[in-house]
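Take a look at the structure set out below.
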Amino acid sequence: MVYAKFIGKTFGFIGYALQYACVTHCTFEYVGDFVMCSGPSMEPTLETNNILLTEHLSPRFNRLRRGDIVIAKSPSNPKQNICKRITALPGDKVRGQFPKRSQVVPRGHVWLEGDNSGNSADSRIYGPVPEGLIRSRVVCRVWPLDKITSLTEY
Amino acid sequence: MLLKTVCKSVLLGLPIGITFLDTVGYVARVEGISMQPVLNPEPSNTDYVFLSRWAVRDYHVQRGDVISLVSPKDPNQKIIKRVVALQGDVVSTLGYRSQYVKIPEGHCWVEGDHTGHTFDSNSFGPVSLGLVNAKAVYIVWPPDRWQILEAKLPDSRKPVSINVYNN
């Protein structure tokens, strides 16, 4: 009898855990999540170990604009995320670093650049990035607490 | 009372359903003729395939796999193609900018089986593995077409040189 009660309780607990895991998955995948960024490429706007609040709605509905900071999957390693600023949209003219000539951003792609242009591996090296790789748009910084700022304006 | 119960179960069931579709896989309709003759052999009746999300959870694809990916030209569109070459391979192209292309790191070369009637890497170049959405595993509908989609490449489309570190 005690065992039956114990097993029943365990299953109930697993059910709740599963439910909450699924709700969390949907929120993080479709609404917004928190990202910790590292590396020097977005200095001075962002520094290592800042925590950012991002939203997944703008990329899903194609509401990206020039100047937005976005989180995208790295084109050369899909398991790694990059945090850069969109500097050009399809049809805009941009100048790459190598080869150093101006080119037009093709349809369905964006041009990503880090704010720290001297120390950033970005579109100037690997070219335009497909919009399908963009995961979310950064809304604001939530950590450290004394540097909470909105990051949606250029 | 009944309405309340229905609402409650929908609200609780929806996230579970979405998570299941996101992590395990889902069934999708194949449109177009680009993968003939394996998919949609007759244009009149369309095939439905099971797309496994679980199979590509760590972006591991193999040469010959049929995969669905986000179109590099239009992020709202998904396309279904066959993987021809992985990173480090050299592929002989059919009408791309240069005759031979070495696939960069983290990219793959995808082609439709219906050469000449497909919009694939021969037009838009190597695609990043981050765009891979799922792997097509079975044809599930119509019932008489039920079969496993095998990983195969015609000899003529094998990469010219293969990067052995991928295997």
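Throughout, a chain's letter reflects where its sequence line sits, starting with A, and its residues are numbered from 1.
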Co-membership, hydrophobic cluster, residues [X] and [Y], 4.5 Å side-chain:
X: B/Val84; Y: B/Val61; answer: no
X: B/Leu69; Y: B/Leu129; answer: yes
X: A/Leu57; Y: A/Ile86; answer: no
X: A/Leu133; Y: A/Ile82; answer: yes
X: B/Val110; Y: B/Ile79; answer: yes

What would the table of donor-acceptor pairs between chain A and chain B look like if you include every N and O pair under 3.5 Å, whether backbone or side chain?
unit_1   : atom_1 : unit_2   : atom_2 : d
A/Cys22  : O      : B/Thr19  : OG1    : 3.3
A/His25  : NE2    : B/Asp22  : OD2    : 3.1
A/Tyr30  : OH     : B/Asp22  : OD1    : 3.1
A/Tyr30  : OH     : B/Asp22  : OD2    : 2.9
A/Asn62  : ND2    : B/Asn76  : OD1    : 3.3
A/Lys73  : NZ     : B/Tyr59  : OH     : 3.3
A/Lys73  : NZ     : B/Gly130 : O      : 3.1
A/Pro75  : O      : B/Ser128 : OG     : 3.0
A/His109 : ND1    : B/Pro72  : O      : 3.4

Answer with side chain, backbone, both or neither: which region of B/Pro104 has an atom nearer than 4.5 Å to a non-hydrogen atom of chain A?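 Interface part for B/Pro104: neither.
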Option in B/Leu14, B/Ile16, B/Val70 with maximal non-hydrogen atom pairs under 4.5 Å from chain A: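 The option with the most such pairs is B/Ile16.
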Check residues 3-11 of chain A and write down every donor-acceptor pair under 3.5 Å in which the side-chain atom is one partner and the other belongs to a residue at least two apart or another chain.
unit_1  : atom_1 : unit_2 : atom_2 : d
A/Thr10 : OG1    : A/Phe6 : O      : 2.7

Among the options A/Pro78, A/Cys26, A/Gly108, pick out the one with the most heavy-atom pairs lying under 4.5 Å from chain B.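 Ranked by contacts with chain B, first place is A/Pro78.
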Taking atom CG of A/Leu145 as the centre, does the number of heavy atoms from other residues, nucleotides or ligands within less than 6.0 Å exceed 12?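 Above 12, so yes.
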Heavy-atom pair of closest approach, residues B/Pro75 and A/Gly132: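 Taking B/Pro75 first and A/Gly132 second, the nearest heavy atoms are CB-N, 4.0 Å.
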